[in-house]
K.L.:
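If you scroll down you'll find the structure; I have some questions about it.
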Number of protein chains: 2
Amino acid sequence: MTTAQRPTLEAVAKRAGVSRATVSRVVNGSTTVAEPIQQAVRRAVEELGYVPNLAARSLVTQRTDSVALVMPEAATRVFSDDQVFPGIIRGAAQELEAADKQLVLMLAGSPAGHERVERYTTGRHVDGVLFASLHGEDPLPGRLARLGIPVVCSGRPLDGAEVPYVDVDHVGGVTRAVRYLIENGRRRIATIAGPQDMVAGIERLEGYRNTITEAGLPVLVAYGDFTRESGTAAMRQLLAEHPDLDAVFAASDLMAHAALRTLREAGRRVPQDVAVIGFDDIETAAYTEPPLTTVRQPIVELGRAMTRQLLRIAAGEEIEQALMLPTELVVRESA
Amino acid sequence: MTTAQRPTLEAVAKRAGVSRATVSRVVNGSTTVAEPIQQAVRRAVEELGYVPNLAARSLVTQRTDSVALVMPEAATRVFSDDQVFPGIIRGAAQELEAADKQLVLMLAGSPAGHERVERYTTGRHVDGVLFASLHGEDPLPGRLARLGIPVVCSGRPLDGAEVPYVDVDHVGGVTRAVRYLIENGRRRIATIAGPQDMVAGIERLEGYRNTITEAGLPVLVAYGDFTRESGTAAMRQLLAEHPDLDAVFAASDLMAHAALRTLREAGRRVPQDVAVIGFDDIETAAYTEPPLTTVRQPIVELGRAMTRQLLRIAAGEEIEQALMLPTELVVRESA
DNA sequence: TTGTAAGCGTTATCAT
DNA sequence: ATGATAACGCTTACAA
């Protein structure tokens, strides 16, 4: 490494013929510096190609200008093609870019990874922490909040910690989907539920159960984990246990996609024999056979909203503890 | 913010009854410290919950223990469901986790974003920079390399800079795919090419062109940009210009997926009338109608390999400038 | 083997 | 409005 010696504040000060303090003021946009001096300093900065040393700044300001985005899933599942995590990353990246802060991505799937995230975040190496999709009852968000470190989760923390969160309206979306099925004359409506250790899985099932029960219809459930493979297994199980079902609400588009194929293999026509509705509205949903009717969730906006909340907390503002983003039923041809 | 005062080296030293230097040695795993003293220090660290201040360490060591992963695409396109970027992120995250370094994600799609990336990376705020999928002739990788900052690109840099890179064997994969079509009796083989300002687009077209020409067959090309929408348009164009085509090689699975649907809408049966082969082997490929025959590229491994190379450069090792990862034809039912 | 002390490059507090 | 100067928390010669 040639490690060309970087210019420091000192060097700029010397070149501009002023003190370090003045250069620092100019660089940080203080207004109390005379215009001609500002000019001179800026020219020196330009000529020397000066870039502030963030470590040094961070050491004295106690800020790092970076935010951690923690994905608590196993690495292999984080980036399945449901686009949830990429969407959140993208939203967070956009919002942080506007705030000129860095995005540090951390995977906490393995015990080692989780321990690493804990060390790093409790060690205050970031100005705030974003948690995407909690699994089970992770105590970390609550602990960080108690340490006074800004935290925002996607979805209500399952351990009941008083941590700010942003979530999409799972229940509302599912309710609309199930009602739509009922209005269209479906009476044997089954669901492929998501994992019950995640808010998304829990609330989508709750939405189904409430709406179905309210309508006096039978609750028919099989469980998956949001993936296509699990959707296939769940659909087969439903078909075996309730051969007379006439509709399926799947808690994810991936599972709905698998259900579509499984139904076709079983000789059922969609939507004539069985209507299918998914949840997510991934890109692929418009390209399934038939195109999938589904509940759209604003996933990039979720990432943005979480980040905006975090920045507000970090800025010392008071924020509402929960923020809910609307979902929407997108009707295509599968129901 | 309660900003509970964090313990410093000083505090640990006092508690353990030793000097700061000794604590530092223990924390950094120096072997030259007497066992009983190590014990005492470690206990003090434990009791106080001491975590090193990375900014302070970085200031003196000149290392940041973090690596930037730059995605030069527009934010809206980075996370399409082709899984390329998420795959690279995942691979990089895995490898960096093992090396106990942080992953800083940067989007350089907009001019502002690119400028920000440039400032940040040339300012040596990271120990190395990973570039995912260059668009056009970005001079930044070359510039960083000249500054002595470790850099690795995915794919050969188009501006001819002498920068280390890792890539998948596009040409080999495409050649195998096209030969497979020829061996199965196809004679009017068209291609939906990718964008010609990206290595992946260029090389996949080159592989097609060479193999087709070598076999004395006609070159039939339409251009897309790897997305489904562009695939639909390209497939329509091909159908209009060459109604007698009997096979299509699409440079991405997304475009192949769109082609599948467009062909069906045009009344062509796949694979009977027209054989279709894609490139990527995304998860969805196994679930298209019919399931897609495609060229698999090891995308997570690409991210891992890039990261390993980067770490080797940062460690001062000499590395080969180019590293090629194998691709593989996955035969399903579309061809 | 352990301790002392000199920085690392900023920002912030005081004077001036 | 500007300039000294003291932190910030750590690593690392160098001494002992």
Side-chain angles (χ1 to χ4, degrees), chain A residues 1 3-42 44-45 48-66 100 119-120 122-127, chain B residues 3-42 44-45 48-66 119-120 122-127:
Chain A
M1 275 202 272
T3 314
Q5 204 51 36
R6 304 171 48 183
T8 67
L9 256 197
E10 182 83 53
V12 177
K14 193 167 293 172
R15 177 123 185 174
V18 296
S19 74
R20 249 155 52 210
T22 299
V23 177
S24 176
R25 290 187 187 105
V26 173
V27 169
N28 292 289
S30 164
T31 48
T32 68
V33 178
E35 188 53 40
I37 295 203
Q38 288 202 31
Q39 301 269 331
V41 170
R42 259 188 264 282
V45 165
L48 265 41
Y50 169 75
V51 184
N53 180 319
L54 261 39
R57 174 181 287 171
S58 181
L59 186 56
V60 43
T61 59
Q62 306 279 34
R63 287 177 305 105
T64 64
D65 287 321
S66 67
D100 205 31
R119 261 200 350 259
Y120 194 72
T122 60
R124 292 172 189 275
H125 300 319
V126 285
D127 294 344
Chain B
T3 312
Q5 204 49 36
R6 306 171 47 184
T8 67
L9 256 198
E10 183 83 54
V12 177
K14 193 168 293 175
R15 176 124 186 171
V18 298
S19 74
R20 249 156 51 210
T22 299
V23 177
S24 174
R25 290 186 187 105
V26 173
V27 169
N28 292 290
S30 163
T31 48
T32 68
V33 177
E35 189 53 40
I37 295 204
Q38 289 202 31
Q39 303 269 330
V41 171
R42 258 188 264 282
V45 165
L48 264 41
Y50 169 75
V51 184
N53 180 318
L54 260 39
R57 174 181 287 171
S58 182
L59 187 55
V60 44
T61 59
Q62 307 279 31
R63 288 179 304 105
T64 64
D65 287 323
S66 67
R119 262 199 351 259
Y120 195 74
T122 59
R124 294 175 189 273
H125 299 319
V126 285
D127 294 346

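Residue numbers start from 1 in every chain, and the chains themselves are labelled A, B, ... in the order their sequence lines are given, proteins ahead of strands.
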K.L.:
Starting at CZ of A:R57 and ending at P of C:dC8, how long is that distance when rounded to a whole Å?
P.N.:
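Whole-Å distance recorded here is 19 Å.
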
K.L.:
Is any side-chain heavy atom of B:V18 closer than 4.5 Å to one of B:R25?
P.N.:
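Result no, sub-4.5 Å side-chain heavy-atom pair not found.
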
K.L.:
Rounded to whole angstrom units, what separation is found between the CD atom of B:Q38 and the P atom of C:dT2?
P.N.:
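So the two atoms are 9 Å apart, to the nearest Å.
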
K.L.:
Between the base of C:dT10 and the side chain of A:R20, is there a donor-acceptor distance below 3.5 Å?
P.N.:
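Donor-acceptor pair under 3.5 Å: yes.
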
K.L.:
Counting only side-chain N and O atoms of A:S24, is one of them less than 4.0 Å from OP1 or OP2 of C:dT11?
P.N.:
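Answer is yes, contact under 4.0 Å.
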
K.L.:
For the side chain of B:V60, counting heavy atoms from C-beta on, which of C:dG9, D:dA4, D:dC10 is nearest?
P.N.:
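Nearest to the side chain of B:V60 among the choices is D:dC10.
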
K.L.:
For a quick test of reading the model: is some side-chain N or O of A:T8 closer than 4.0 Å to OP1 or OP2 of C:dG9?
P.N.:
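No, because none of the side-chain N or O atoms of A:T8 sits under 4.0 Å from OP1 or OP2 of C:dG9.
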
K.L.:
How many Å lie between CG on B:L9 and P on D:dT12, as a whole number?
P.N.:
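After rounding, the gap between these two atoms is 12 Å.
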
K.L.:
Of all the nucleotides listed (D:dG3, D:dT12, C:dG9), which has the minimum atom distance to the side chain of A:V18?
P.N.:
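Between D:dG3, D:dT12, C:dG9, the one nearest the side chain of A:V18 would be D:dG3.
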
K.L.:
Between A:D65 and A:L54, is the side-chain contact (heavy atoms from CB on, under 4.5 Å) condition met? List the steps.
P.N.:
CA-CA 9 Å; A:D65 287 321; A:L54 261 39; 5.8 Å; no

K.L.:
Output the rounded distance in Å from CD (A:Q62) to P (D:dA7).
P.N.:
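The answer, rounded to whole Å, is 15 Å.
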
K.L.:
Could you check how far CG of A:L59 sits from P of D:dT11, rounded to whole Å?
P.N.:
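One finds 12 Å between P of D:dT11 and CG of A:L59, rounded.
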
K.L.:
Look at all strands and tell whether B:A34 reaches a base, only sugar-phosphate, or nothing, counting heavy atoms closer than 4.0 Å.
P.N.:
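Here B:A34 touches the backbone only, sparing every base.
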
K.L.:
Under 4.0 Å: is that the gap between some side-chain N or O of B:N28 and OP1 or OP2 of D:dT11?
P.N.:
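Yes, because at least one side-chain N or O of B:N28 sits under 4.0 Å from OP1 or OP2 of D:dT11.
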
K.L.:
Tell me whether B:R6 contacts the main-chain N or O of A:G123 through its side chain, where contact means a donor paired with an acceptor under 3.5 Å.
P.N.:
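Confirmed, B:R6 side chain pairs with A:G123 backbone.
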
K.L.:
Check this one for me: any side-chain N or O of A:T22 less than 4.0 Å away from OP1 or OP2 of D:dT2?
P.N.:
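A:T22 to D:dT2 OP1/OP2: no side-chain N or O under 4.0 Å.
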
K.L.:
Starting at atom CG of A:L54, determine the distance to atom P of C:dG9, rounded to an integer number of angstrom.
P.N.:
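In whole Å, C:dG9 P and A:L54 CG are 14 Å from each other.
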
K.L.:
Decide yes or no, distance alone: a donor-acceptor N/O pair under 3.5 angstrom between the base of D:dG3 and the side-chain of A:R25.
P.N.:
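Such a pair exists between side chain and base.
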
K.L.:
With the side chain of A:T61 defined as its heavy atoms from C-beta on, choose the nearest nucleotide among C:dT11, C:dT2, D:dC10.
P.N.:
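Looking only at heavy atoms from C-beta outward on A:T61, the closest nucleotide is C:dT11.
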
K.L.:
Looking only at heavy atoms, which two atoms of B:T8 and B:Y50 are closest? And how far apart?
P.N.:
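Looks like C-CE1, 3.6 Å.
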
K.L.:
Let me know the distance between NZ of B:K14 and P of D:dG9, rounded to the nearest Å.
P.N.:
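B:K14 atom NZ is separated from D:dG9 atom P by 13 Å.
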
K.L.:
Between the main-chain N or O of B:R57 and the side-chain N or O of B:T61, is there a donor-acceptor pair closer than 3.5 Å?
P.N.:
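Yes; judged by distance alone, with no hydrogens or angles, the pair exists.
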
K.L.:
Please report, rounded to the nearest Å, how far the P atom of D:dG9 is from the OH atom of B:Y50.
P.N.:
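For the pair B:Y50 OH and D:dG9 P, the rounded distance is 10 Å.
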
K.L.:
For B:I37, answer base if it contacts any base atom (sugar-phosphate contacts may also be present), sugar-phosphate if it contacts only those atoms, and nothing otherwise; contact means non-hydrogen atoms under 4.0 Å.
P.N.:
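The answer is sugar-phosphate, as B:I37 gets under 4.0 Å only of primed atoms, P, OP1 or OP2.
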
K.L.:
Should A:T32 be listed as having a side-chain N or O under 4.0 Å from OP1 or OP2 of D:dA1?
P.N.:
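Indeed not, no polar side-chain atom of A:T32 lies that close.
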
